[in-house]
Amino acid sequence: MVIVKNRKGILDLLENGKPEDLVITKEKVREHTSMIEENCKMSSFFDFRYNKASETSLEHIWNNANHLITTKYKLSKTEPGNLNFIFVDETFLRSFSDYYYVTVPAIMSYAVNLICEMFEEFVPLNKYTVLMNKLNRTLHSLGDVHIRLYVNTP
């Protein structure tokens with residue numbers, strides 16, 4: 001949504017700006033994530049994406065996946081006598097997989113909606129086509145939810 005709302009400003013910045021202008025600071029992250037939360041009716045996108053102390057954040061999973069030993073944050077701390085993702089049991093893999101396959105489709109859905117909005121700005125589509133595309137995406141995502149629920153039931 002940030003790109004869609006400020007497309008000309010971002011393109012101008014890429015063309016005429018300095019590299020320092022493109023640095024992603026904590027302030028910019030908060031500003032952009034609040035725009036995403038507002039436009040997508042989400043309440044905690046920042047926590048989901050960036051907050052290392054949040055249980056729902058992908059950060060602690062990425063930290064564990066990228067480092068054999070993690071010690072800095074409570075949620076991503078390596079257990080004693082273990083290495084991240086090396087000596088794991090089936091319960092851990094199941095919980096990780098369940099979380100991953102619920103959250104990643106949500107991120108992908110957001111990305112698809114963003115790309116479609118950007119595409120609709122460049123290509124003249126009639127309102128019916130735009131509406132049918134949105135309906136198709138919504139029905140497809142509902143089908144994915146139904147499949148995930150069906151697969152995860154014992």
Side-chain angles (χ1 to χ4, degrees), residues 1-119 121 134 136-154:
M1 296 303 170
V2 174
I3 294 171
V4 171
K5 287 192 175 253
N6 192 15
R7 181 172 52 92
K8 289 183 181 173
I10 289 175
L11 292 175
D12 184 54
L13 188 61
L14 287 170
E15 186 177 353
N16 302 315
K18 298 175 279 189
E20 296 82 21
D21 298 333
L22 299 170
V23 172
I24 299 173
T25 62
K26 285 185 180 182
E27 293 79 24
K28 284 184 185 177
V29 167
R30 289 218 182 261
E31 176 188 339
H32 290 188
T33 54
S34 67
M35 286 171 129
I36 293 168
E37 289 170 0
E38 179 184 316
N39 286 303
C40 295
K41 312 291 188 273
M42 298 173 83
S43 61
S44 60
F45 184 82
F46 180 85
D47 283 345
F48 174 69
R49 171 57 185 89
Y50 294 101
N51 188 352
K52 292 175 176 70
S54 171
E55 286 186 25
T56 59
S57 177
L58 291 172
E59 272 298 316
H60 62 90
I61 294 172
W62 293 333
N63 277 336
N64 286 3
N66 286 320
H67 306 285
L68 285 176
I69 298 172
T70 49
T71 59
K72 191 171 182 181
Y73 298 99
K74 178 183 173 185
L75 291 171
S76 61
K77 247 183 204 175
T78 304
E79 294 177 13
N82 202 353
L83 298 173
N84 292 332
F85 286 98
I86 303 295
F87 306 111
V88 294
D89 60 8
E90 188 174 334
T91 305
F92 174 81
L93 287 177
R94 167 71 74 186
S95 67
F96 171 74
S97 298
D98 288 349
Y99 181 71
Y100 181 85
Y101 287 111
V102 167
T103 55
V104 169
I107 296 168
M108 292 173 71
S109 174
Y110 167 75
V112 167
N113 287 327
L114 176 64
I115 291 165
C116 288
E117 282 188 36
M118 291 171 66
F119 179 77
E121 282 189 19
K134 287 181 181 180
N136 186 29
R137 289 193 309 270
T138 302
L139 291 174
H140 186 76
S141 69
L142 290 174
D144 286 347
V145 168
H146 172 71
I147 289 168
R148 280 195 305 273
L149 290 174
Y150 178 75
V151 169
N152 288 335
T153 55

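Scope of the values below: all heavy atoms of this structure, side chains included, with no hydrogens, waters or symmetry mates.
- No side-chain donor-acceptor contact under 3.5 Å links Thr78 to the backbone of Leu83.
- Residues satisfying the ring-ring contact (aromatic ring centres under 6.0 Å, His included) criterion with Phe85, sequence neighbours excluded, are Phe92, Phe96.
- Of all the heavy atoms in Asn84 and Asn64, the pair that sits closest is CB-O, 3.1 Å.
- With sequence neighbours excluded, no residue forms a side-chain hydrogen bond (donor to acceptor under 3.5 Å, both in side chains) with Ser76.
- Rounding to the nearest 0.5 Å places CG of Asn82 at 10.5 Å from CG of Leu68.
- For the pair Tyr99/Ile61, a side-chain contact is recorded, criterion being any heavy-atom separation below 4.5 Å from C-beta on.
- Rounding to the nearest 0.5 angstrom, the gap separating the CE atom in Met108 from the CD1 atom in Ile115 is 9.5 Å.
- Taking OG1 of Thr70 as the start and CD of Glu79 as the end, the distance is 10.0 Å to the nearest 0.5 Å.
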